[in-house]
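All remarks here apply to the structure that follows.
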Amino acid sequence: MERLIKLLFIAAAGIALLAGCKKETKITEVSSGKIIICFDHRVDDLPMVRDSLMYTNEAGNPYMINEIQYFISDFTLYGAGGSQVVIDDWKDIHYVDTDIPETWTWEVYDEIPQGWYDSVSFTFGITAEKNKSFMYVNPPERDMFWPEYLGGGYHYLKLNGKWLPAGQAYQTRPFDFHLGIGQIYFSYPDSITGYVQNYFTVCPPGSALQVINGQSTKFNIVMNIENWFKEPHIYDHDQWGGYIMQNQDAMALARENGHNVFTLELCKK
Amino acid sequence: MPGLFPVAVIVASLIFSCSKKDDGTEPEQPYQPHPYSLEIPYGFPTQLNIPSDNPLTEEGVALGRYLFYDGRLGGRDHPDSLMSCATCHLQQNAFECGTDHPVYTNGFTHGINGKPTPHVMLPLFNLVWNSNGYFWNGLVGPDNPDEHYRNIEDIVWMGVVVEHEMDSDTNRVRELIQSIPGYPDLFEKAFGSRQVTMRNIGRAVAQFIRTITSAESKFDRYLRGEEQLSPQELNGFVLFTTEEGADCFHCHGGSGNPLFTTNKFYNNGKDSLFTGPYEDPRDRYHVTGDPMDLGAYKAPTLRNIIFTAPYMHDGRFATLDSVIHFYNTSLVWSPYIDPLMHHIANGGTQMIPQEVSDLKAFILSLTDYQILSDPDLGPPEKFPDEE
């Protein structure tokens, strides 16, 4: 089969060449490589351990993490010479789910011109123009839908866990740290007068990376989970409670804290 | 690949033109079942759980429907010992037995020999959109290390052999079906062989079940812009999909997931103890071994829920009102409760009576009456040997 296709291609190329022999036929071959992005989740520099009440956040809440689900989009590489490569050939939004190992590795389809890239950036969540309801009908992305009434589209993040409220000996309380489109209320929680886009751009600090012709460059995007609750705002679960989808004040803190949650790290070969 | 298509067509037509007979008689019919086209309703997943070795065909689905309804599928033909899938899975109750069943009092089923089923029933519709495991605990699914427990095909032989259903054996079933006039022809049309095998019985019934879909509720028409919900239903919809409200959508779906189930497993806060005398050997934990799955079960679809009492895996709630009451005021804390059950902080959603009835009105708007009477899904008029 492959052979046949190749033959057809050669024939087609031949015809094209014949037809266009007056034109300049110099082939300008751009050398390119691939990138593979791995997603890693850590707390206090160590691999995340789920379902265990072993962490304490900056506010002093003992907490555990059960699962994390999120979207990143518009991943961009910035070339040393000022060039930009936006990843969007096959898909421009990637879903990560700590329960689904296949989502932890994104083998990017796009051909990336070879060379050095100083930095990368991505949108945490999905920008307003792309965050459209019903664009995902299949799981797992489908299950991220954000209700129409609350602004529609998809959750950017679900970080589900439990914390031990102050004064409790053992009875943990769930927190659903969910980010998406926020609402402005005339009278809470019944009349919504406007919506707030809470997605944000992340420029993770980390080393420069090199894309080599014909090779794959692999790197980690690390979510340092404790930072969601740390900088610049100390996020206290006792204050904000177990759910925040209708609490723009809380989501705004999360958005601002989110800027330095991620770091980039090259993988050793 | 698309470039190859014309070539394939040319080759195929060459082959066919060569094999045409000139003496005027029809060529011998090769095994050529007709593909069954499954309609994907608005907003439904495009990903279908159809194994590559069992595509839907008109012939397979038709055979599967006979077998699903044939009381001889248990391998016995004495009138007193008939049992079919439809003995329990009745169309008029969205393919559950209902609470008014003459034999299964209050909806609690048991096998042909009286042994109760370990859990109450699950309805049979929209299963083609579940790739996450069947049964309350998801035992039968793609992750099962044993390849005989992966899909609906497997549930068919299980239904035949387990004590709490047909309590039979597959050889007996195969032989009886083989001996019934008409069936071998149907097997040939569907699978290319007159030989009845348990594998092909499973494949046929599974095909039929995959064609049972439900997407004609008032809410579906609302999503498609064809009908408006009442103010009460609309308010219930808001409660269903907001955290300040009842927050049912994180587990049971909503506009973005019109199946009204994620097909995932959660501990929804009914009990505090799950070990020793309280252990259920058929909860999700006993499938995954993950302690966080103690007391976890599949969040069933809320479509057609009014027909499928009693509720929860053990049927502990007889009415929808008592289920909503449970979520509203009676949640039970345990270390295993799912983090999405954040309303546990107040013991429940704490809705006022008006909100409770609005929420219920919304859930009832998920009722699809069409599936209850669709003739293609109902019992065949005659069985193959009655033609």
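Chain letters run A, B, ... following the sequence lines, proteins first and then strands; every chain starts at 1. What you see is a predicted model; the values in this text were computed from it and never measured.
Residue B/Pro258 does not touch chain A at all, counting heavy-atom pairs closer than 4.5 Å. Residue A/Ile244 touches chain B through its backbone alone, counting heavy-atom pairs closer than 4.5 Å. At a 4.5 Å heavy-atom cutoff, the contact between B/Leu223 and chain A is made by side-chain atoms alone. Residue contact with chain A, scored on non-hydrogen atoms closer than 4.5 Å, involves the side chain of B/Tyr42 exclusively. For a residue to count as touching a neighbouring chain, one of its non-hydrogen atoms must lie under 4.5 Å from one of that chain's; by this rule A/Phe134 touches chain B with the side chain only. Both the backbone and the side chain of A/Thr172 come within contact range of chain B, judged by heavy atoms closer than 4.5 Å.
Taking the six-membered ring for Trp and the full ring otherwise, the centers of A/His155 and B/His250 sit less than 6.0 Å from each other. Between A/Phe145 and B/Phe249, the gap from one ring centroid to the other is short of 6.0 Å.
Residues B/His342 and A/Phe175 have side chains not in contact (no heavy-atom distance under 4.5 Å, counting atoms from C-beta outward). At a threshold of 4.5 Å between non-hydrogen side-chain atoms, the residues A/Asn160 and B/Leu340 count as touching. Side-chain atoms of B/Thr242 and A/Tyr149, non-hydrogen and from C-beta on, do get closer than 4.5 Å to each other. At least one side-chain heavy atom of B/Ile337 sits less than 4.5 Å from a side-chain heavy atom of A/Lys162. Side-chain contact between B/Lys264 and A/Pro139 is absent, with no heavy atoms from C-beta onward closer than 4.5 Å. Inter-residue side-chain proximity for B/Glu244 and A/Tyr188 is flagged as met; some heavy-atom pair is nearer than 4.5 Å.
A distance-only check finds no donor-acceptor pair linking the side chain of A/Asn138 to the backbone of B/Pro45 [under 3.5 Å]. Under the 3.5 Å distance criterion, the side-chain polar atoms of A/Gln246 are matched with a main-chain donor or acceptor of B/Glu243.
Ionic pairing of B/Asp290 and A/Arg50 is present here: one or more N-O contacts between side-chain nitrogen and carboxylate oxygen are shorter than 4.0 angstrom.
Other residues, nucleotides and ligands contribute at most 12 non-hydrogen atoms within 6.0 Å of the CD atom of B/Glu39.
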